[in-house]
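Structure record follows, encoded as structure tokens.
Every chain is numbered from 1 and lettered A, B, ... according to where its sequence line falls, protein lines coming before strand lines.
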There are 2 protein chains.
Amino acid sequence: MARSSAGESVLTRAVRIFEAFGPDATTLQVTELARRADLHVATASRLVAELVSHGLLERGPEREVRIGVRMWELASRASPTLSLREAAMPFLEDLHAVVGHSVQLGVLDGDEVLFVERLTARDAVVNYSRIAGRLPPHITSSGHVLLAYGAPDLLERVLARPLERYTPHTVGTPEELRASLAQVRRQGFALLAGHVHEDATGIAVPVRNGLGEVVATMSVVVPNDDRATAQVPALMAAARGVTRALCGPRADRPH
Amino acid sequence: MARSSAGESVLTRAVRIFEAFGPDATTLQVTELARRADLHVATASRLVAELVSHGLLERGPEREVRIGVRMWELASRASPTLSLREAAMPFLEDLHAVVGHSVQLGVLDGDEVLFVERLTARDAVVNYSRIAGRLPPHITSSGHVLLAYGAPDLLERVLARPLERYTPHTVGTPEELRASLAQVRRQGFALLAGHVHEDATGIAVPVRNGLGEVVATMSVVVPNDDRATAQVPALMAAARGVTRALCGPRADRPH
DNA sequence: AAGCGTATTCTCGCTCAATGAGACGGGGGC
DNA sequence: GCCCCCGTCTCATTGAGCGAGAATACGCTT
């Protein structure tokens, strides 16, 4: 017996191995890894051994397997994602210090928000995002910003799927979503109270590059109260700072 | 003609492709990528296409290839490296605010210091590290800490190679290095003035886990002056904070 | 110590996924 | 138009990769 019955490539299988790990499964035994990756255990064992030899996976004392440092290093050395994060970091830190609640940096990947950075707060209302985590765009303020300024076919694709509600406040119909996005475009920011978690308000603003294109979104998660809107100017100032940093040493673009 | 003459695996080649990227080559054309990865251009083109289909690489408008967001995501979702970084982040931020200069978090990987995080400062003396970057351990304060508390065979391996000097101050002989490490063990921190760059002093302290093992190092890079030593208590306090965070909700360990 | 159960690695016959040489198409420059 | 460079496609070739089953490793129980 040779070759996988499904005609799969080695790379496809390796990717499936990496995808088997997640925040709830940071280490896995070979057998479980094989099960999750849908591989014969001997095959999984072999691929794991090779990935370990390359440093992309690592083994622990109980033969458990985890993501290797080399994987992160290769991903990070030349990553556009991390270039953006690095440019944004000083502004995220300042915003974090000023607002006192969790701040986030998100990008659009596929049809989802991918969170690139999140600075948490001790007294955070609730933390519903995680670094390298994803959320559907219709439920978060970040997602609303990315949809509002994104390509029209993005919105069509999002609307082609059911809009699942996380709370009674979550946008659940195409009409609601379109109205919300129109408001984002008018106001220049998204403010969603209780859409992901009942007790939290998400506020997000677009982050633009030097060409004026929206490339990311900065957001904060604050308690539901009347003072939420007061955070908007700080957010916008921070986003402008990131834009400036993304342009490099050139002069600011006129608004 | 089939199969590589060198009997290389697909994974080995994919790793070489990723290794071709770096901070000085964030995007590459397929031909250049093939050259750097020592692959036939047709092979490189094919592997790139597949890696792009998995999101591990991405293409730009001029057919340039760059690291894909998915690579970073898979590396980050379950990464022990990022767990450490996340635990350390609040303390790095506080330290950054207090010291006003660049702060760094480094780990030992192989025989080198790998920088996991770096918060920069506007008026930083000099930034000689980068996130996901490596430096030889004998030249940096971080490296001295990791060597001082590391396994003896680590030091032997480091000493088995020539100790290259970056500046006239850099440790350049085994005797100098051993003496410096002994001092680190006595003092509990490393302070190296002008070892990497003439104008900068690096100060590093060990970060321990709940078992008392040194798992990382926190450091700052400050100007050379008599006030440098004053930063040590803040560094040590921050490192203790990280240890507490790494222990989870359990009580503090007695010192 | 022996036995058992589980997990992981090794062996090996088999085969098709991966290879690179060369053709081809596209784009840019002269 | 011609030429050059780049990247993708085609295809004959073959050995890297496969999984079934054996062997080994490990932990636990009696």
ask   = Where do A:L163 and A:H138 come nearest, in terms of heavy atoms and distance?
value = C-NE2, 3.6 Å

ask   = Once you round it to whole Å, what is the distance between P of D:dA16 and CD of A:E50?
value = 11 Å

request  = Please report, rounded to the nearest Å, how far the P atom of D:dC26 is from the CD atom of A:E64.
outcome  = 14 Å

key: For atom CG of B:L47 and atom C1' of C:dG20, their distance in whole Å   = 12 Å

task = Produce a footprint string for nucleotides 4-9 of chain C: one letter per nucleotide, 5' end first; B if the base is under 4.0 Å from any protein heavy atom, S if only the sugar-phosphate is, - if neither.
result = ---SSB

query = Can you list the steps and then say if A:S9 with A:T12 is a side chain to side chain donor-acceptor pair (under 3.5 Å)?
reply = CA-CA 5 Å; A:S9 71; A:T12 297; 2.8 Å; yes

message = Going by salt bridge (charged side-chain N to carboxylate O under 4.0 Å, His left out), B:R13 matches just one of B:E8, B:E50, B:E19. Which one?
response = B:E8

query = Which distance, rounded to the nearest 0.5 Å, do you find between the CG of A:L56 and the CG of A:L74?
reply = 6.0 Å

inquiry  = Just the rounded figure in Å: distance from C1' of D:dC18 to CD1 of A:I17.
reply    = 13 Å

message = For the CG atom of A:L57 and the CZ atom of A:R70, what is their distance to the nearest 0.5 Å?
response = 13.5 Å

request  = Can you tell me the distance, in whole Å, between the CZ atom of A:R13 and the C1' atom of C:dA17?
outcome  = 11 Å

Rounded distance (Å) that lies between atom P of D:dC6 and atom CZ of B:R36 = 14 Å

query = Under 3.5 Å, is there a donor-acceptor pair between the B:S102 and B:T120 side chains?
reply = no

task = Mind calculating the distance between CG (A:L39) and C1' (D:dG17) to the nearest angstrom?
result = 12 Å

